[in-house]
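Numbers restart at 1 for each chain; the letters A, B, ... are given by sequence-line order, proteins then strands. From a predicted model like this one, the values you see are computed outputs, not experimental measurements.
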2 protein chains.
Amino acid sequence: MKAKPRVSRRSGCPISIALEIFGDSWSLLIVRDLMFKGLRTFSEFFCSEEKIATNILADRLARLESAGILTKGADPADARRVHYRLTEKGIDLAPAIVEIVLWTTRHEQTDAPPNLLRAMRSHREQFLADIRKRWASG
Amino acid sequence: MKAKPRVSRRSGCPISIALEIFGDSWSLLIVRDLMFKGLRTFSEFFCSEEKIATNILADRLARLESAGILTKGADPADARRVHYRLTEKGIDLAPAIVEIVLWTTRHEQTDAPPNLLRAMRSHREQFLADIRKRWASG
DNA sequence: CCGGATCCGTTTCGATACTG
DNA sequence: CAGTATCGAAACGGATCCGG
């Protein structure tokens, strides 16, 4: 299925928000899983806790790819597998995702790992640098 | 109209994201307009650039209210008008919204006021403190 | 006028079944 | 494994109507 660029009449706003990603639950979850959980393949996303339907998953992966947030390629180890990776643009979502996660844990009760949260909150710059480094290396 | 709590099977995730707000375009735009543009009333939101339909607007305001992100009250100046304000929980969305806006301006071309962006980027803590102060004063 | 509620055609979603 | 195809259900959006 092709990612239909549903035309938005909401552009031209002085203070704008990229709704293509931030307005959509699935896109947000996919990026989070890619960034923090190390998920890479179609079936890993499909089997994750969110129970996304295969057609929606395919659609969102296509949209995110055409938005330049992730790229699709053959797994170097196993050529049958397709591999999704964040682009530079995608990795750059980290600060926003971190703030979103922090707000969520402050205001809804979650069972997020406390040490991870502490790293996000108290050593923000270090934490973001680590994410970048992890992606740079491989 | 009541805010229907469309049940999510996506909870229990170690690193969670509050999809109720970050997963919905309109909610995000309403909070942004409340936070940065000073919009307060139903008709101000309705007449804003986004061209939201009245039923959708009413639904999202109700959802955001029941999520504890904003409150509804009579305008002290004009009792006929209804006034929407961010709660503490809503104001606390500022860091996330700021990162979202910064990412958007970095990666899509927008015509956001450059001095505003500079304030967000270079004097982040001061900028966030100012938002809080503005809301504390009334 | 202001703040919605209701109706209704269109679009999107989501579950499942199916395919290369 | 990595997706399409299909189809009923839900959400959207526009227009109009309504109570205060």
Side-chain angles (χ1 to χ4, degrees), chain A residues 1-11 19-30 33-34 39-67 70-85, chain B residues 1-11 19-30 33-34 39-67 70-85:
Chain A
M1 181 189 295
K2 276 299 185 58
K4 295 169 214 161
R6 59 175 162 186
V7 192
S8 163
R9 289 159 288 84
R10 307 167 189 168
S11 50
L19 298 173
E20 200 67 48
I21 165 139
F22 290 107
D24 183 70
S25 325
W26 295 120
S27 303
L28 229 40
L29 292 174
I30 290 171
D33 286 353
L34 214 39
L39 306 193
R40 294 293 129 88
T41 68
F42 191 94
S43 49
E44 283 174 352
F45 291 117
F46 174 63
C47 297
S48 79
E49 306 192 55
E50 291 87 331
K51 306 308 170 208
I52 185 171
T54 59
N55 55 344
I56 307 291
L57 176 55
D59 176 68
R60 292 312 193 277
L61 288 171
R63 282 196 208 181
L64 288 170
E65 189 185 8
S66 85
L70 53 77
T71 51
K72 183 179 174 176
D75 188 327
D78 180 354
R80 294 173 314 175
R81 277 168 173 269
V82 181
H83 212 91
Y84 292 93
R85 304 200 67 223
Chain B
M1 181 190 294
K2 275 301 186 55
K4 294 170 215 159
R6 59 176 164 187
V7 192
S8 162
R9 290 155 290 83
R10 304 167 192 170
S11 48
L19 298 172
E20 199 68 48
I21 166 137
F22 296 105
D24 183 71
S25 328
W26 293 121
S27 303
L28 228 41
L29 292 174
I30 289 171
D33 286 353
L34 214 37
L39 306 193
R40 296 291 129 89
T41 68
F42 191 94
S43 47
E44 282 173 354
F45 291 117
F46 175 63
C47 297
S48 80
E49 306 191 54
E50 290 86 332
K51 304 307 169 211
I52 184 172
T54 62
N55 54 345
I56 308 290
L57 177 55
D59 177 68
R60 293 311 193 279
L61 288 171
R63 282 197 207 180
L64 288 170
E65 189 185 7
S66 85
L70 53 76
T71 51
K72 184 179 172 176
D75 187 326
D78 182 353
R80 294 174 315 178
R81 277 168 173 270
V82 181
H83 213 89
Y84 293 93
R85 305 201 66 223

Please check the phosphate of [N] (OP1 and OP2 only) for any side-chain N or O of [X] closer than 4.0 Å.
X     : N      : answer
A/T54 : D/dG3  : no
B/K72 : C/dG4  : yes
A/Y84 : D/dG3  : yes
A/S43 : D/dA2  : yes
B/W26 : D/dC12 : no
A/R60 : C/dC13 : yes

Checklist line | Sequence-distant partners of B/I52, side-chain contact (heavy atoms from CB on, under 4.5 Å), two or more places apart | finding: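 B/I52 satisfies side-chain contact (heavy atoms from CB on, under 4.5 Å) with B/W26, B/I56, B/L57 once adjacent residues are dropped.
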Next item on the list: Starting from C1' on D/dC1, measure out to CG on A/D75 and report it in whole angstrom.
Entry: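 Rounded to whole Å, this separation is 12 Å.
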Notebook entry, point to check: How long is the line joining CZ of A/R63 and C1' of C/dT12, in whole Å?
Noted result: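 Those two atoms, CZ and C1', are 9 Å apart.
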Next item on the list: State whether the distance check finds a donor on one side and an acceptor on the other, under 3.5 Å, for side chain A/N55 versus base D/dG3.
Entry: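 Between D/dG3 and A/N55, which were checked side chain against base, a qualifying N/O pair under 3.5 Å is absent.
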Next item on the list: Report yes or no: does A/E65 contribute a side-chain atom to a donor-acceptor pair with the main-chain N or O of A/L61 at less than 3.5 Å?
Entry: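 Answer holds: no.
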Item checked: Donor-acceptor under 3.5 Å (B/S43 side chain, B/F46 main chain) ->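 Here the side-chain-to-backbone pair does not exist.
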Next item on the list: Measure from the side-chain heavy atoms of B/A53 and tell me the nearest of D/dG14, C/dG3, C/dT16.
Entry: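 Side chain of B/A53 sits closest to D/dG14.
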Note to self: Please pick, from D/dC12, D/dG3, C/dG3, the nucleotide with the shortest atom-to-atom distance to any side-chain atom of B/I56.
What the structure shows: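 That would be D/dC12.
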